[in-house]
Amino acid sequence: MGNYSAVAEFFLMGLSQYPELQLFLFVLCLIMYMIILLGNSLLIFISILDSRLHTPMYFFLGNLSFLDICYTSSSIPPMLVIFMSERKSISFIGCVLQMVISLGLDSTECVLLAVMAYDRYAAICNPLRYPITMNKVLYVHMAVWSWVIGCLNSLVQTVLTVVLPFCGNNVIDHLTCEILALLKLVCSDISINVLIMTVASIVLLVIPLLLIFVSYIFILSSILRINSSEGRKKAFSTCSAHLTVVILFYGSALFMYMKPKSKFTKASDEIIGLSYGVVAPMLNPIIYSLRNKEVKEAVKKILSKNLHLWKT
């Protein structure tokens, strides 16, 4: 134990080898963060204010928007400070908090996207039973359990990581405090951590993805059996936004964690990680707004009402 030392802070050195890009990345991430806050907050307010959007689909969408706001607020503001600071450090407690929040919200989103796929399956494959199947008690419980499962997974993995001894090396070659990057600094055996992480990845990443895939096979089959072209178009529009978000989220995650590692792709790995944590949450409200007629109509209704009140 004499070779181990207490770590009071970490240095986040991701993309530090490109000092000329720091100001550009600061401005870019700041603009994206403003868009994330504005777009996701707008979706939440619209789903609350418009009574036509008081449905399970928009309840889950509100949860997803709130999740994206929390996720980016835990990572982007510290990242902005790192970009403009010469001493790119974060305290041990700050690093742990960032890790537990980001991992918990990532895990929650995996489960939530699967729940949203089941909601679309119930709405399209069994439309007559949908109000009974997806009653308020059920869909509220489904959302709550998504958050509980994600948070529990994060707490377990974070606690098992921070109790391990570090070798005194406190340089994290990453833009944020990410659990895989932190495990590289550990001196002792991490086989238990790897095992739990593998099980969690199967339960929270692979199984939800399989459930989404199976749900959309049934959804596509039901849509193709709809006689009217208008009905098929409406069914496709309600599913296409969710499917686009699923592809964006899982595509980035799978590419980032499963692609072969190479010493020549370090910078590209960090860029992909940045896009995974910033670009996807920014695009989610845009995708749902552009692909959803009900959201567009709700925005027009609220804007026209406010404009009328302002004129009077």
Side-chain angles (χ1 to χ4, degrees), residues 28-49 53 55-80 97-117 119-120 139-140 142-151 153-154 175-179 204-205 208-209 212 240-257 271-292 294-295 298-299:
L28 182 64
C29 289
L30 180 61
I31 293 172
M32 287 182 171
Y33 183 51
M34 293 296 104
I35 296 173
I36 289 167
L37 292 180
L38 180 63
N40 285 288
S41 298
L42 186 62
L43 267 182
I44 293 172
F45 288 135
I46 289 171
S47 63
I48 292 173
L49 294 175
L53 303 184
T55 62
M57 174 181 169
Y58 292 101
F59 176 75
F60 294 133
L61 180 56
N63 274 263
L64 183 63
S65 295
F66 179 70
L67 185 150
D68 283 338
I69 291 173
C70 294
Y71 178 81
T72 51
S73 296
S74 72
S75 58
I76 295 181
M79 195 187 301
L80 296 176
L97 286 175
Q98 188 180 86
M99 186 168 60
V100 73
I101 292 172
S102 61
L103 181 58
L105 295 177
D106 255 348
S107 304
T108 301
E109 185 162 357
C110 290
V111 182
L112 191 59
L113 288 174
V115 167
M116 293 173 75
D119 171 65
R120 292 299 82 209
Y139 69 73
V140 169
M142 292 173 77
V144 170
W145 276 108
S146 298
W147 286 88
V148 170
I149 292 170
C151 291
N153 172 61
S154 176
L175 287 165
T176 58
C177 285
E178 203 257 351
I179 192 166
L204 297 176
L205 192 67
L209 185 58
I212 292 170
S240 59
H242 174 256
L243 192 57
T244 305
V245 170
V246 167
I247 292 172
L248 188 65
F249 176 79
Y250 278 101
S252 301
L254 291 173
F255 183 77
M256 185 168 65
Y257 289 110
I271 296 293
I272 293 167
L274 182 63
S275 64
Y276 171 73
V278 180
V279 177
M282 182 188 71
L283 292 180
N284 285 353
I286 298 173
I287 292 168
Y288 274 102
S289 300
L290 293 177
R291 304 288 298 177
N292 200 302
E294 291 173 326
V295 173
V299 171

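FYI, side chains are in, hydrogens and waters are out, and symmetry mates aren't considered; it's all heavy atoms of this structure.
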I'd like to know whether Ser73 forms a side-chain contact (heavy atoms from CB on, under 4.5 Å) with Leu37, so could you lay out the CA-CA distance, the side-chain angles of the two residues, the decisive distance to 0.1 Å, and finally the verdict.
CA-CA 9 Å; Ser73 296; Leu37 292 180; 4.2 Å; yes
Derivation and outcome, side-chain contact (heavy atoms from CB on, under 4.5 Å), residues Thr244 and Leu283
CA-CA 10 Å; Thr244 305; Leu283 292 180; over 6 Å; no
Please lay out, stage by stage, how Val278 and Leu28 fare under the test side-chain contact (heavy atoms from CB on, under 4.5 Å).
CA-CA 10 Å; Val278 180; Leu28 182 64; over 6 Å; no
Could you walk me through whether Val140 and Trp145 pass the side-chain contact (heavy atoms from CB on, under 4.5 Å) check?
CA-CA 9 Å; Val140 169; Trp145 276 108; over 6 Å; no
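Closest of all the heavy-atom pairs between Ser146 and Val115 is OG-CG2, 3.7 Å. Residues Cys29 and Leu80 share a closest heavy-atom pair of CB-CD2, 3.8 Å. The minimum heavy-atom distance linking Thr176 with Ser75 is given by the pair CG2-CB, 4.1 Å. Between Leu204 and Tyr250, the closest heavy-atom pair is O-OH, 4.3 Å. Glu109 and Asn284 make their closest contact through OE2-ND2, 4.1 Å (heavy atoms, listed as atom of the first residue, atom of the second, distance). Among all heavy-atom pairs drawn from Ile212 and Ala117, the shortest one is CG1-CB, 3.8 Å.
When side chains are defined from C-beta on, Met142 does not count as touching Val111, because their heavy atoms never get closer than 4.5 Å. Within the 4.5 Å cutoff, the side chain of Leu67 has heavy atoms near those of the Trp147 side chain. When side chains are defined from C-beta on, Met57 does not count as touching Leu61, because their heavy atoms never get closer than 4.5 Å.
Separating the CZ atom in Phe60 from the OG1 atom in Thr55 is a distance of 9.5 Å, to the nearest 0.5 Å. Here Ile101 contributes atom CD1 and Asp106 contributes atom CG; the two are 12.5 Å apart, rounded to the nearest 0.5 Å. The CE atom of Met79 lies 9.0 Å from the OG atom of Ser74; values are rounded to the nearest 0.5 Å. With rounding to the nearest 0.5 Å, the separation of CG in Leu113 from CD1 in Ile247 is 11.5 Å. Separating the CE atom in Met32 from the CD1 atom in Ile76 is a distance of 9.0 Å, to the nearest 0.5 Å. Distance check: Tyr33 OH to Leu38 CG gives 12.5 Å after rounding to the nearest 0.5 Å.
In this structure Phe59 satisfies the ring-ring contact (aromatic ring centres under 6.0 Å, His included) test together with Tyr139, sequence neighbours excluded. Take Ser107 and apply the side chain to side chain donor-acceptor pair (under 3.5 Å) test, not counting sequence neighbours, and it matches Asn153. For Cys110, there are no disulfide bond (SG atoms under 2.5 Å apart) partners two or more places apart in sequence or in a different chain.
Put simply, the side chain of Thr72 gets close to the backbone of Ile69: a donor and an acceptor are under 3.5 Å apart. In terms of modelled atom types and a separation under 3.5 Å, the side chain of Ser154 and the main chain of Val100 share a donor-acceptor contact.
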